[in-house]
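Reviewing the structure listed below.
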Amino acid sequence: MSAMPQPNMSEARANATFDALLWTLSRPGLPRSLPEPGEAPIIEALLDRECRVHAAEPTLIPAIMRTGAEIAEIDRADHVFLGAMTAAADLAHLALGSDLYPDDGATVVVRARFGDGQRLRLTGPGVDGMLTLDVGGLPEGFWQARAERMRYPMGFDLFLIEADRVVGIPRSTQVEVL
Amino acid sequence: MTLKTLTKPWEAMSYGFLDGSAKREMRRKMLKSVAVPGCQMPYASREVPMARGWGTGGLQVSLTLVNPETRVKVIDQGADDSVNAASIRRFIARVAGTPTTMDTLKADLIQSRHRIPEEVLSEDQILVLQVPNPEPLRPVQPNMSIARQMHADADYGRMWLQLYEQIVRSGRVMQGASYPSLVNGRHVMTPSPIPRWDVPKLHMAKHLTILSAGREKRIYAVPPFTRVEPLVFSDVPYKVEDHAKLTCHRSGATGFFMNEIPQDDGSSTHEVSDSEWGVKAIRVRDGEKVALGETWYKDGEMPQ
């Protein structure tokens, strides 16, 4: 092999996106930067023909279709893009996986605002003691609805995004609304 | 839509050897394994140009994570220079163009077989452990479908019984490496065949650990600040190997995990198992200026 291998643009973007996602999911509540704003880099890094995807935001559908993923109803989807949510009721239909296969629980991407709104206290794996975080832009009763659905190890994993910032909240994290 | 938008330009080789769909699957599974610490997630485990059982699981994780800025360190049983470690390191550097290092402090990604380095890992480092057998229940339940159900039910009674029987029969827990440990108070995992000495290093660590078994097609993870508790009875405390008082005959380092080297006269000498730590100790002894990281064990004791 002569030349040093170099990643192409999409590979470099997907690698940087995944790096951010893995880092922030390992350390819930601490934001990381995506290489590009919005859901597009996440769609590119994670989705392909093997995925069933639900998008509440119609503008995301073309990008999802390009990956070859199947568009599915929310209860069958393993990746769910809820966009800017208006009602917490959507959380009631998310796939949670099973005790045998918790990995069938959905990965959920939601738009939010960091730095204002409800003050949350996070505890659990990845959090050094506890951590407070202000998150706004989510519908009324969102965290209550999340808590009601979690049956650890069954559950769903959240990525909150605002422009190019992303915060991961895995199912193992306990979220307390202050 | 044109054909050009649906295809990608021709490339001689996918960056980092694995193709796009393999990487995306690894990414999805790694996220899930972080979300449920210690729970074994099935994955496809693609072919890599190495025999299954020689670190293919760890290699696939590393190849998914690397970019040209990732500094990679590979260790095998503590040593950077053994054949397996050298081959894997060279392979990653060749297919991903990554810089390599032997210094634990300078590494961004550490792929390891059977050891965790003696220097404390920082929050920006990722430890990838190669796992030969990911199922801690296999000695008590060879049927993996039933074992999965036992994990689902958190039914670890037989695990405890096995430890109890060892104590009754032998006076101590006989499990040397891959000591079964409870992660986040829920899933029992095998921490890969690291010695008992290394298991406390996973407890509430600052770094992310990903454990991947290529042959068995299972991946699991220990996120930072996650409880990792070796299974012990309250009246029989967890014991690490009795290496605290041993001194390395080459570097003079004391209080670290040692390799025993049998001698002709029946006695044995010891040498520090983390080869790079040994090299650093020798360079310090020779008066060189070397950056020494903080170590997990201090004077042979792990502070709690």
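Throughout, protein chains are lettered first and strands after them, A, B, ... in sequence-line order, and every chain is numbered starting at 1.
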Between B:K23 and A:L46 (side chain of the first, backbone of the second, donor and acceptor by atom type, cut-off under 3.5 Å), is there such a pair?
no
Value rounded to 0.5 Å, distance of [atom1] in [X] from [atom2] in [Y]:
X      : Y     : atom1 : atom2 : result
B:R28  : A:L21 : CZ    : CG    : 13.0 Å
A:F18  : B:L31 : CZ    : CG    : 5.0 Å
B:H207 : A:S26 : NE2   : OG    : 11.0 Å
A:D19  : B:T64 : CG    : OG1   : 12.0 Å

Residues of residues 168-178 of chain A contacting chain B, heavy-atom criterion under 4.5 Å, by residue number:
A:P170, A:R171, A:S172
Taking 4.0 angstrom as the limit, do A:D48 and B:R27 come out as a salt bridge?
no
Do the side chains of [Y] and [X] get nearer than 4.5 Å, heavy atoms only?
X      : Y      : result
A:T107 : B:K32  : yes
B:Y15  : A:N15  : no
A:P153 : B:C39  : no
A:L100 : B:Q149 : yes
A:Y152 : B:V36  : yes
A:R27  : B:P224 : yes
A:M4   : B:P68  : no

Specify which of A:L22, A:D103, A:D99 makes the most heavy-atom pairs with chain B at under 4.5 Å.
A:D103
Would you mind checking which part of B:N184 comes under 4.5 Å of any heavy atom in chain A, side chain (CB onward), backbone (N, CA, C, O), both or neither?
side chain
